[in-house]
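A quick write-up on the structure given underneath.
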Amino acid sequence: MGADTVTAGTDEKVCVEHLFKIFGADPQDTIRRIREGASKDQIYADTASVAAVADVSFSVAQGEIFVVMGLSGSGKSTLIRCINRLIEPTQGRILLDGNDIVGMDVEGLRRLRLNKLSMVFQHFALFPHKTVGENVEYGLKIRGMSARERREKAVRALEQVGLAAYADVPPDNLSGGMQQRVGLARGLAVDPEIMLMDEPFSALDPLIRRDMQDELLVLQQQLRMTIIFITHDLHEALRIGDRIAIMKDGRFVQLGTPEEIVANPADDYVSAFTRDVDRSRVFRAYMLRGDPHALSSDTTIETALERFASLGRETLFMVDEDGRPLGVVRRHDLERGGEKTALRDSLIDDFPSAQGSQELIELYTACATGLPIALVDEAGRLEGIVDPLEVFRLLGGGSEESAEQASASAASGDTERSAIQTGPLEMRRSDHG
Amino acid sequence: MADQISDYYTLPLDDWIEFFVKDWLVPNFRPVFRAVQWPIDQVLNGLEDFLLWLPYPVFVVVIPLIAWRVAGRGVAGFTLLSLIFLDLLGIWRETMVTLAMIVTAVTFCVIVGVPLGILAARSDRFYSFIRPILDIMQTIPPFVYLVPIVMLFGVGIVPGVIATIIFALPPVIRLTNLGIRQVQAELVEAGLAFGSTRRQLLFEIQIPLALRTIMAGLNQTLMLSLSMVVIAALIGAGGLGLTVFTGLGRLDVGRASLGGIGIVLLAIMLDRITQALGEGGRSKAPGQKGSLTRVFKGIVQGSKAYNEKS
Ligand SMILES: Nc1ncnc2c1ncn2[C@@H]1O[C@H](COP(=O)(O)OP(=O)(O)O)[C@@H](O)[C@H]1O
Ligand SMILES: [Mg+2]
């Protein structure tokens, strides 16, 4: 059974292979039971042992944000603590840059923690007897760095999180969000290659949590660390994860990109989470990209009609010599209007366009025009088209009915401009319902 | 009629113990006991000499000043009045002797107790080994070990201090252990996650965070050693205990009460000051340590000047 092993090329930074952590008297017996397919509850009932991590395998690429999501008690904290061996794994391999750290001696382990790894904790774990600055200096101090040098580095790390002014304040005086920024700065000050974050934002208010997520993403843009991030909040996972593993009872039940997880939940456990996800914020325009068939600007009406017929399309884009879209031509405009002599006369040049990386929520207004959306690359060239119906179908959770309704409301939006503003809101509601 | 075992046979445990202590322990381990006695003797004498050398006016100014820095105005005022009152009663010298005894006993309790407490916190095995010993130490009446102490160490003030140490040691060990074990697991994890050695973890995180609890243990130890003052006088320790003891012997209520009042006042002063120290231990007050050393330097310099003049 086990979870899929995902191998990420040559730049893999962390690789965990068949990891087990058993709390209990006879771990080997428990591992045998797990291999035979016994569930965590069953094992606990039979042996009073807890299979906190049961045969987990994954790897994380350099610079990736790998998120582990699961309910409380699913083994996330145990898993992440195995990676810096705050908890001794029972069995399995953990490779950091190809070196197995399971079985590494105390000194080697300490050097590894000193130089490569760093950690941010759920309840911040700031030292109350040290000032904010001293907290951030801690990892440098125990390396034996001189007082002045470490102070400079600490202040720089505090600047990164916007708290340089608070260096001499005790951490208890700060708000939760600020305290976790200090925790983050403490982790960053040692220039870690791998950052372990155990529910770092779970103790914060939702608004502050969002800020912190954004801040982490911005920091990650600059620093390109490898981050293993734990959360129990799927929205958080979807927002910041390059890939997400869903954990349940010590196992990974699904591992994939945010889009894969939302589009194809592996089982009921996962779909219970994904059900109330706002898909419009998870999916991006490129995922619905259709072939960029287009007409050149010198096409005649006759050839255009032939192409409409052969492609079975109702609309086509017209592009210039560089491949930049000029506008949309509708088939029924051509068939109806007899007096037009050039294709250009039927061209609708007020067409919606978007970039592939945009979230679908940003496409709502565009969809409401009823016209296909031009996906353009950075140079403005047409690289694909998105059919508004596809957008509604995806956001409607695959239900035909709601897709129908959606397209109806979109069509009405075409004639009644005022409806466009309310369109997106209604869409999101029907998505949740 | 006779239906008790003791009518036929009594176990001569008392003889055995006497034999064990008198004929085996004392002759074979005399050098060991001498070696134990030596450092206590040194500290005690040094301290006593220092306290008696310290001119009274300096004492009466400086101690309340410390109390004020550490514990605030109320305690400082109380300390000042108490010190004046103790001198007024004519028991200053005895008070200083007792103070030297107490401070010596507490110093050794800390020197021995804190490391043992740390060890107990780090090793469950050591803790389960030492726990019953601490239980026995705390339940056994001190009179019981006065006799072997006299046999091993003779009579005098040092054996009195040793008895006091045995009696007062358990709280330091227990509360050091407790304090370190109580440090939040996440903080210890944070320390380890950044690559601390066990030593760095201990000195950077565990001890500072356990300080409050350790100070509470110290405070208890202090109070216990004060309660041993009279008992220690039984085996030749002087000071306020002796005042009480001789008063008892002569049925001199007045004299006994003087000793009692002295002990009580000393106890309250020390209790308040160390309690406040414990509370300050957690909140960061980097200025405090500096000013205390400055105060102590001031005491020494001022006293020298005073003694040279007179
Ligand atoms: N020291 C321990 N001894 C026994 N069981 C433990 C211990 N630590 C964690 N567990 C158990 O392991 C499971 C996973 O815990 P944890 O990793 O903390 O989950 P999560 O972080 O996902 O909430 C839980 O069932 C928990 O009760
Ligand atoms: Mg957890």
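Below, chains carry the letters A, B, ... as their sequence lines are ordered, and counting in each starts from 1.
In this structure, the side chains of B:Gln184 and A:His123 stay at 4.5 Å or more apart for every pair of heavy atoms. Residues B:Glu204 and A:Lys141 meet the side-chain proximity criterion, which asks for heavy atoms closer than 4.5 Å.
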Go through the steps for A:Leu114 and B:Phe194 under the test side-chain contact (heavy atoms from CB on, under 4.5 Å), then give the verdict.
CA-CA 6 Å; A:Leu114 220 48; B:Phe194 282 96; 5.9 Å; no

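Heavy-atom neighbours of B:Phe78 CZ from other residues, nucleotides or ligands within 6.0 Å: above the threshold of 12. The environment of B:Arg131 atom CZ is sparse: at most 12 non-hydrogen atoms of other residues, nucleotides or ligands sit within 6.0 angstrom. The number of heavy atoms from other shown groups lying within 6.0 Å of OH (A:Tyr166) does not exceed 12.
For a residue to count as touching a neighbouring chain, one of its non-hydrogen atoms must lie under 4.5 Å from one of that chain's; by this rule B:Gln200 touches chain A with backbone and side chain alike. For a residue to count as touching a neighbouring chain, one of its non-hydrogen atoms must lie under 4.5 Å from one of that chain's; by this rule A:Arg143 does not touch chain B. Of the two parts of A:Gln122, the backbone and the side chain both hold a non-hydrogen atom closer than 4.5 Å to a non-hydrogen atom of chain B. Contact of A:Leu126 with chain B is made through the backbone alone, with heavy-atom distances under 4.5 Å.
Closest approach of B:Gly195 and A:Ile142 over heavy atoms only: C-CD1, 3.6 Å. Of all the heavy atoms in A:Tyr138 and B:Ser196, the pair that sits closest is OH-OG, 2.7 Å.
To the nearest 0.5 angstrom, A:His129 atom NE2 is 14.5 Å from B:Arg212 atom CZ. Distance check, rounded to the nearest 0.5 Å: CZ of A:Phe127 to CD1 of B:Ile205 gives 3.5 Å.
If you tally non-hydrogen atom pairs under 4.5 Å between each of A:Arg81, A:Glu107, A:Arg85 and chain B, the highest count goes to A:Arg81.
Between the side chain of A:Arg113 and the main chain of B:Ala193, no donor-acceptor pair closer than 3.5 Å is present. Judged by distance alone, with hydrogens and angles left aside, the side-chain atoms of B:Glu186 form no donor-acceptor pair with the main-chain N or O of A:Phe121 at under 3.5 Å.
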